[in-house]
Amino acid sequence: MNAMAEENANAAPAIPASKQGNNTRPGPDSQSVTKRLQTELMQLMMSPAPGVSAFPTSDDNMLSWTATIEGPEDTPYTGLTMKLAFEFPSNYPYAPPTVLFKTPIYHPNVDFSGRICLDILKDKWTAAYNTQTVLLSLQSLLGEPNNSSPLNGEAAELWDNDPAEFQRKVTARHKDIDDE
Amino acid sequence: MEDQDPHGMAAQQAAAKEYQPDLPNYLVGDKMPSSAITEEYAKADATYVEKTIALPGQYSHYRPVQGDGNCGWRGKFDPSKTFSRRSIGFAYFEKLIEAGGAQIESECNRLIGMNSMLTDIGGYAFELYEDWADDFISCLREVGSHAGTPMAHALLFQKWNDGPATAGYIYYMRLLAATYLKANADTYDPFIADSAGIHGYCQHSIEMVNREIEHLGITALVNVLLKPVNMVLEIAYLDRSPGSQVNKYRLPEEANNLSESSLGPIIYLLYRPDHYDILYREPQPLSIQVHRVNSVSDNAGIAPIHEDPNAFGAMDLASLAMIPGFTESMPIRPSNVGHQGKMPQHDPWVQSFAMPVSTPTPPMVAPPSNPSLSPHSAMGPSQPPPPPSEASSGMMTAAPECTIRFSALQYQYDGGNSGPVEPFQVTTSTFKNSVWNRAHFGNPDFHPEEWSPEDENMDGRLGVAKRRGSKRD
């Protein structure tokens, strides 16, 4: 279990590169990706989950979305709103989207560039996941970090041993960003 | 600094990321005779050779389905690493086409009826799977509308070679299998070692895009897709396990004890480690039927290549005939039965060839003072292939003073001593470097040297003897 978690941590910084690699594989064409993403968008709008939302960043590119997560109650992130960027590969949903925190966030499983260590975005991805399930997983990650494979070791340490200092760092690092 | 180094770690990692293995340009290939597999394994391990030789007698044709063992180590996504489902899915469509349009229509209705099961038991949102289910069913329906015409198979072939589309078909099959396992969780939970149970297994194995099918997944797929239409899956395992034939196993399990004629359509798969191809039994002549009914495990007699009496005649005879005078003794002539018609032309040719060669021979023979070396040292590149080495040394002791080496008499003597089957065993370096050696690239019958355990033993013995000798010195 631990070994696998470590692997994830090491693999994390390589996300952008591997995304390019995916495009060279014979995969579903952009038409079927677009169709799938339209279905997902419809689902997000018809039955929105509390605290999460997502929408394509621009009209002409269905493969790039902006999402928001509200910090869950009773966590250091309560009251904060985080923005994220989703990039869907051309063979989505057979490969995971690349997800980055755009809002600066202090969290054991997120590094200072916003890259996320979450197994379902890496080797545990299945085509049965979608944007909404990813957002809900990330929301729960905010309240329950996986401290066995931290990207930010200091945050993992403070989460376990000094909640007050952790809260202070979260608040200090958070900065609302403008819509792009 | 290190980044500049073209051989550095970073550069190698980048190269590894760029690397694309050479993949065949099909997902599902053309049907071909399964003797192609025998040829493919001709140079492999003896177990494989034996099993693949027997294979064409059991399954006349096969269809390669793309496999890819390359994606795992990089953790790179690859929708094509689902070839077992691809094989099963393709063969399932094929069998339905053979069953006819009515069967296809009822199968479509059955699959549509399973949608509610996917939602209620599988726990998959309708929005998630509706496209996959639609594509799968409409593909089946479209192909089915041509059932009974060659068009149906052509269309099927085209559909299952369309990468983006098949990714969807295959994922739909995954969801069906996962739903079946969840519906029968009580039965299958005990098979799952970790505490996540069957739901965890579905999530971490069946639903994973780049995860190859395991036994449980195959069982589920058979039960959900094949069994309701009375189809049986038979897997032939081509591996290194002992035995002269591939091991066969049928799903559902109860089909193993039943005779083939009492079963519905059978889908045959050939399993090789990490790879499944589709096998076929074409309608066979009566003799095969007899084999089937009597025993499934003993029909090796159908295609034993090495027992074909013509095989040696065709291959070796021509080269043997190059040896002047050899045809006179010709102990292998009986094996040439199949080529009787050619023999009259053979003999005169050999005769005329023997004359010029034997005449200039004497000057080239080594002086009698060194009789033990003469057959070897005189062997120039233009010489005809020599007789077996053991035989020639035996010949030397029997007739040490003979000056003409290739006389009919000698060969007659030879033939009595050793079989005529291995004419090229001479091991002098002169011969080895000549085009007369079959292992020489210039030889028209070029064939690389092969290692065999017997040779090893013999060399070993010689080596020991030599070493002992040198120690004494």
Side-chain angles (χ1 to χ4, degrees), chain A residues 1 4 7-8 10-47 49 88-98 119-133 137, chain B residues 10 13-14 16-21 23-27 66 68 70-72 74-82 118 122-132 134-135 161-172 174-175 178-179 194 200 202-211:
Chain A
M1 192 63 204
M4 200 196 287
E7 215 169 76
N8 291 348
N10 293 339
I15 313 168
S18 69
K19 195 196 78 191
Q20 288 161 8
N22 282 338
N23 294 337
T24 61
R25 274 278 172 200
D29 54 357
S30 59
Q31 199 186 347
S32 70
V33 180
T34 306
K35 192 176 168 207
R36 157 88 182 215
L37 288 173
Q38 279 164 346
T39 312
E40 286 194 21
L41 182 59
M42 186 89 82
Q43 192 196 352
L44 278 164
M45 283 157 63
M46 303 294 280
S47 49
F88 297 93
S90 64
N91 49 14
Y92 181 81
Y94 307 107
T98 305
D119 57 358
I120 66 159
L121 290 176
K122 309 258 160 42
D123 56 336
K124 291 285 187 289
W125 171 260
T126 85
Y129 291 122
N130 58 26
T131 309
Q132 192 168 44
T133 53
S137 300
Chain B
Q13 274 177 351
K17 260 179 206 121
E18 293 304 311
Y19 173 79
Q20 295 293 324
L23 296 175
N25 56 0
Y26 59 81
L27 299 172
Q66 183 184 304
D68 181 350
N70 261 315
C71 48
R74 245 174 318 169
K76 200 171 186 180
F77 159 71
D78 180 7
S80 64
K81 193 175 163 60
T82 46
L118 285 172
Y124 305 108
F126 177 69
E127 295 80 11
L128 181 76
Y129 66 76
E130 67 168 318
D131 286 352
W132 288 320
D134 275 357
D135 289 349
N161 274 306
D162 174 5
T166 56
Y169 306 156
I170 287 162
Y171 207 82
Y172 176 67
R174 285 177 182 269
L175 292 186
T179 302
D194 79 76
C202 289
Q203 198 172 359
H204 296 138
S205 183
I206 303 225
E207 290 169 17
M208 299 276 289
V209 172
N210 55 1
R211 188 66 64 88

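Order of the sequence lines sets the chain letters (A, B, ...), proteins ahead of strands, with each chain counted from 1.
- Remark: B:Asp131 engages A:Lys35 in a salt bridge, criterion side-chain N to carboxylate O under 4.0 Å.
- Separation of atoms CD (B:Glu127) and CE (A:Met46) is listed at 9.0 Å; rounding is to 0.5 Å.
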Report the C-alpha separation of A:Asp123 and B:His204 in whole Å, then their side-chain angles, then the decisive distance to 0.1 Å, and conclude whether the side chain to side chain contact (heavy atoms under 4.5 Å, CB included) test is met. CA-CA 9 Å; A:Asp123 56 336; B:His204 296 138; over 6 Å; no
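- With a threshold of 4.5 angstrom between heavy atoms, B:Glu130 approaches chain A through side-chain atoms but not through N, CA, C or O.
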Worked check of side chain to side chain contact (heavy atoms under 4.5 Å, CB included) between A:Trp125 and B:Glu207: CA-CA 9 Å; A:Trp125 171 260; B:Glu207 290 169 17; over 6 Å; no
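- For the pair A:Pro93 and B:Trp132, the tightest heavy-atom approach, listed with the atom from each and the gap, is CG-CZ2, 3.7 Å.
- Residues A:Thr126 and B:Tyr171 have side chains in contact (heavy-atom distance under 4.5 Å, counting atoms from C-beta outward).
- The OH atom of A:Tyr129 lies 11.5 Å from the CG atom of B:Leu128; values are rounded to the nearest 0.5 Å.
- Once rounded to the nearest 0.5 Å, the distance linking CZ of B:Phe126 with CD of A:Gln43 reads 11.5 Å.
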